[in-house]
Amino acid sequence: MKKFEGLPREIIALRVSREIKDNSYVNLGIGIPTLVSNWLEGRDIILQSEIGMLKTGPIAEGEFIDQDLINASCQAVTEVPGSVYFDICESFGMIRGGHVDITVMGAFQVNAAGDFASWYNPSRGLEGVGNVGGSMDLAVGAKILLIAMEHVTNDGKPKIVRELTYPATAKKKVSKIFTDLAVIDVVPEGLVLKEIYPGLTPEDIQSITEPVLIIAPDIKEIEI
Amino acid sequence: MKKFEGLPREIIALRVSREIKDNSYVNLGIGIPTLVSNWLEGRDIILQSEIGMLKTGPIAEGEFIDQDLINASCQAVTEVPGSVYFDICESFGMIRGGHVDITVMGAFQVNAAGDFASWYNPSRGLEGVGNVGGSMDLAVGAKILLIAMEHVTNDGKPKIVRELTYPATAKKKVSKIFTDLAVIDVVPEGLVLKEIYPGLTPEDIQSITEPVLIIAPDIKEIEI
Amino acid sequence: MNKIVTNLEEAVAGIEDGATIAIGGFFAAGVPRTLLKAIIEKGVTDLTLACGSGPMLGAVNELEEMVKNRQIKKVIDSYGLFRSATKGSKHAFEQQIRAGEIELEIYPMGTLAEKYRAGGAGIPAFFTPTGSGSIIENTTLTNIDSNRKKKETREIDGQTCVLEYALKPDFAFIHAHTSDYEGNLRYRKTARSFNPVMAMAARITIVEAENIVPAGELDPDAIHTPGIFVQRVIKVPRTSFNITNL
Amino acid sequence: MNKIVTNLEEAVAGIEDGATIAIGGFFAAGVPRTLLKAIIEKGVTDLTLACGSGPMLGAVNELEEMVKNRQIKKVIDSYGLFRSATKGSKHAFEQQIRAGEIELEIYPMGTLAEKYRAGGAGIPAFFTPTGSGSIIENTTLTNIDSNRKKKETREIDGQTCVLEYALKPDFAFIHAHTSDYEGNLRYRKTARSFNPVMAMAARITIVEAENIVPAGELDPDAIHTPGIFVQRVIKVPRTSFNITNL
């Protein structure tokens, strides 16, 4: 398979940030999703962290590190005016109860039905006894679930697949996929290719994507 | 049936207060149980009120009345050092979760199995659609459930009965019954008459009690 | 994220005939009286008032107004009737219930609290031991016979448990002591009760707050309802009332 | 009602081989490290550590000590393994898991939080949609094959839900910022996480608090864990640690 150069991770995150409307409560997963926060400064968007915090501020450094203030990835973060702390049950009440407007997660694999796999890499062994963390709660409770990931694996294999070969996080939940090469809507009819990396053709994207893509009539270059 | 003079309600409450050990968390129901609080001053006992308060202080009067501070019977009460407020879910978590050490409730009827009826008087009609309030939660979660009531109804009928004719609040939950005339233990073998009002005989108590009473070998006068 | 609205019409906008509205508070404490007045003014009907422990007995003037206007189709509560049977039987509210013109559906208080929490927290159903051995384990308790449904029970660890389902009102009316601009709420003393759990359960949560402050004014470690559960906030005066109406 | 104990032996008295101990905190924040040291000192074995989100990865020195002493029979967690597979595979903890010498039982984080809450609040079981469509809906996730049990599922409102049961540990180790003499607790910032729900769930809740104050010093409207859930409190120094061990 051909290997294409695409957006760096930070720019995938920028594209995702454009998808988030002001006045939204947003949960950002580990990986590329975490980088989205860099593009939200000045926006009227409140980040929820499953450890038990609303309005998580930027990463803390140096003397501003407080050992009682971390995010769900165990990074030191900061407080801003309007931040709120709460316990884990309240936090997952928000998440599972559908109170978070937009959830952004990474994935190993996504299929055309909107199923995705994100929590367990079979190469680790242990028969699926892995770090589920909050991923399944976030997925099941998501009103809008955006996936941000590389389009293919490190060795060039499609991550947008016909059938998941990694264990699923949840089924029929993904709304939209943002990769380094494309933006794809997940709709009842399948996957709609909406935006592509400048210089690539729909055929290029199809060549590294297992399910047959529906080409949007208004397909355009990824807007940065 | 013969009508006996017995303890006034305040003194039933005093006798109940003797049953409560220091270092206990206690919930007091409406009626005679509420009067128990008058006898707990200076004791190391913390009252839980299902509205969402621990360490409920005495009834408030005059200028000390605060419209944001009532107990579960809608009486103005006071705060003391160490009082805590919480929401209704936490409150019933305590109650149903078995965290309250002693629960004192009134009753219309109790039987020898420890079943009791307290929440609905059939004379009100409405086919049992009545004020359950927190009674069933308090009963089911009680570690030790004490019943404080008159021994007979206003018209002299037994309230300690063979079969409940009022709808049950809960079954097999009552530990001990305190009346104006007697103190009775509820044990697997039945009802054990432990204490009687001065001047009365076990036969007197039996004459106004439907189930056959077991007479405690160490039966004595009610200790005030 | 400013959630403050400046007039009562805006606060209760979008509430239509047939809506289910959760009413915060416990008897006289923490009841959203101003929002109740707004809904009386608005005049919508066929309402289901999802209560917890008799807030309408505390807000008895508003109850009487709504009963007179025939705005109420149904009340869900644990303690919906006046304590005194004599007082109750003379009252228009109980008379409409006895006539089957208002449905009254009763749950144990802790079960009702848990139903709202389940609704807010995305738990579709739960088993509770409360009510085992009582009529509650057999049927929904309502004065409208045709709405009595059989309950499912199951023995868990030797205890009979009743299966109960989540309750998700369309709206919640909440009384708070203080809100910031972003809808983070503090309640005062026992006026808290059902307010936080109803704020969590409803699709649209409308708050009347005695005080409004900028974001950052409240201690972030001492907020009772995080703003994510709140859609609209209106400032109301602190008004005094009689706490014993039961 | 004074719940303060003055030495660590007294704090962990009565914990025997085979006990299940809930460990508060989330990765590095809010972990009861001093109580963990006390249990290492005590030397009891066959312990089940009921965690929420990797507190032992945060308290990695204590984890290593317990693994070396072979005190751990089982860990319940949502995120029990080091994030890095490479780091994990070299670590004695994961090696004991791979050898079947330590059982690791995994739940989604929200389900685990809810299991503790159910244990504390007297809810024997609940249905949750979390994990539907995943392996979780079929089986308990554990490395000890013979302990994999089939899960019960049910369709509620068009959603497949998994039946989960309450979790009630024998003991809970809790890290609080401040306790009063009667065990009313305040936590600080994100060090709260699993601490309140575990305090509620355990039969005996043991708290290490950085500060101890007389009853009445804490704002009664701003207490996170009411003292009714707490049996013992010990004062510990605030010690600094590295927050990134994953």
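Protein chains get the first letters and strands the later ones, always in sequence-line order, with residue 1 at the start of each.
With a 4.5 Å cut-off on non-hydrogen atoms, D:P196 touches chain A through its side chain but not through its backbone. The contact between A:A72 and chain D is made by backbone and side chain atoms together, counting heavy-atom distances below 4.5 Å. Of the atoms belonging to A:I65, it is side-chain heavy atoms, and not backbone ones, that fall under 4.5 Å from chain D. Heavy atoms of D:Y116 lying under 4.5 Å from chain A are absent altogether. Heavy atoms of D:E94 lying under 4.5 Å from chain A belong exclusively to its side chain. For a residue to count as touching a neighbouring chain, one of its non-hydrogen atoms must lie under 4.5 Å from one of that chain's; by this rule A:L138 does not touch chain D. The contact between D:I136 and chain A is made entirely by side chain atoms (from C-beta outward), counting heavy-atom distances below 4.5 Å. Residue D:T139 does not touch chain A at all, counting heavy-atom pairs closer than 4.5 Å. The contact between D:L104 and chain A is made by backbone and side chain atoms together, counting heavy-atom distances below 4.5 Å. When heavy atoms are compared at a cutoff of 4.5 Å, A:S49 does not approach chain D at all. For chain A, no part of D:S53 is nearby; none of its heavy atoms comes within less than 4.5 Å. Within the 4.5 angstrom heavy-atom criterion, no atom of A:E90 approaches chain D. Both the backbone and the side chain of A:L69 come within less than 4.5 Å of a heavy atom of chain D. For chain A, the nearby part of D:R238 is the side chain; its heavy atoms alone come within less than 4.5 Å. Contact of D:D77 with chain A is not made at all, since no heavy-atom distance falls under 4.5 Å.
In terms of heavy-atom proximity, A:V140 sits nearest to D:P129 at CG2-O, 3.4 Å. Here the closest heavy-atom approach between residue D:A113 and residue A:I88 is recorded as CB-CG2, 3.6 Å. Pairing each heavy atom of A:A168 with each of D:S134, the nearest pair is O-CB, 3.4 Å. Across all non-hydrogen atoms, the minimal contact from D:Y107 to A:V132 is O-CB, 4.4 Å.
The OG atom of A:S135 lies 8.5 Å from the CE atom of D:M109; values are rounded to the nearest 0.5 Å. With values rounded to the nearest 0.5 angstrom, D:R98 atom CZ is found 4.0 Å from A:L126 atom CG. From D:L81, atom CG reaches atom CZ of A:R124 across 5.0 Å, with rounding to the nearest 0.5 Å. Note that the NZ atom of D:K115 and the SG atom of A:C89 stand 13.0 Å from one another [nearest 0.5 Å]. Taking CZ of D:F26 as the reference point, atom OG of A:S91 lies at 8.0 Å (rounded to 0.5 Å). With rounding to the nearest 0.5 Å, the separation of OG in D:S78 from CG in A:D137 is 8.5 Å.
Two residues are said to be in side-chain contact when any heavy atoms from C-beta on lie closer than 4.5 Å; D:E114 and A:F92 fail this criterion. Taking 4.5 Å as the limit, every side-chain heavy atom of D:T128 sits out of range of all side-chain heavy atoms of A:M136. A heavy-atom distance below 4.5 Å is not found between the side chains of A:V129 and D:E105. The shortest distance between side-chain heavy atoms of D:K189 and A:I70 does not fall below 4.5 Å. Counting only heavy atoms from C-beta outward, the side chains of D:T190 and A:F86 never approach each other to under 4.5 Å.
Residues A:D68 and D:R192 are not paired through a salt bridge, judged by the lack of any N-O separation under 4.0 Å between the basic side chain and the carboxylate.
Ranked by heavy-atom pairs shorter than 4.5 Å toward chain D, the options A:I30, A:D66, A:T169 are led by A:D66. Counting heavy-atom pairs closer than 4.5 Å to chain A, the top residue among D:A85, D:A191, D:G110, D:G133 is D:G110. With chain A as partner, the option from D:G131, D:S89, D:S193 having the largest number of non-hydrogen pairs under 4.5 angstrom is D:S193. In terms of non-hydrogen atom pairs under 4.5 Å with chain A, the most contact-rich of D:I97, D:T130, D:T142 is D:T130. Of all the listed residues (A:S73, A:G52, A:G133), the one sharing the greatest number of non-hydrogen pairs under 4.5 Å with chain D is A:G133. Contact count versus chain A (heavy atoms, under 4.5 Å) is highest, among D:L141, D:V197, D:L112, for D:L141. Chain D forms more heavy-atom pairs under 4.5 Å with one residue of A:E79, A:R96, A:M53 than with any other, namely A:R96.
The backbone N or O of D:A28 lies less than 3.5 Å from no partner atom in the side chain of A:Q67, so there is not a single donor-acceptor pair.
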From CA spacing to verdict: salt bridge (Lys or Arg N to Asp or Glu O under 4.0 Å), D:E137, A:K171: CA-CA 12 Å; D:E137 88 177 40; A:K171 294 202 168 151; over 6 Å; no
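More than 12 heavy atoms of other shown residues, nucleotides or ligands fall within 6.0 angstrom of atom CZ in D:F241. The environment of CG in A:D155 is crowded: more than 12 heavy-atom neighbours from other residues, nucleotides or ligands sit within 6.0 Å. Heavy-atom contacts from other residues, nucleotides or ligands closer than 6.0 Å to CD of A:E41 number 12 or fewer. Applying the 6.0 Å contact sphere to CD of D:E101 captures more than 12 heavy atoms from other residues, nucleotides or ligands. Within a 6.0 Å radius of NZ in A:K159, more than 12 heavy atoms belonging to other residues, nucleotides or ligands are found.
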Can you give me every donor-acceptor pair (side chain of residues 100-108 of chain A, partner residue at least two apart or in another chain, under 3.5 Å) with its distance?
residue, atom, partner, partner atom, Å
A:D101, OD1, A:K143, NZ, 3.1
A:D101, OD2, A:Y25, N, 2.8

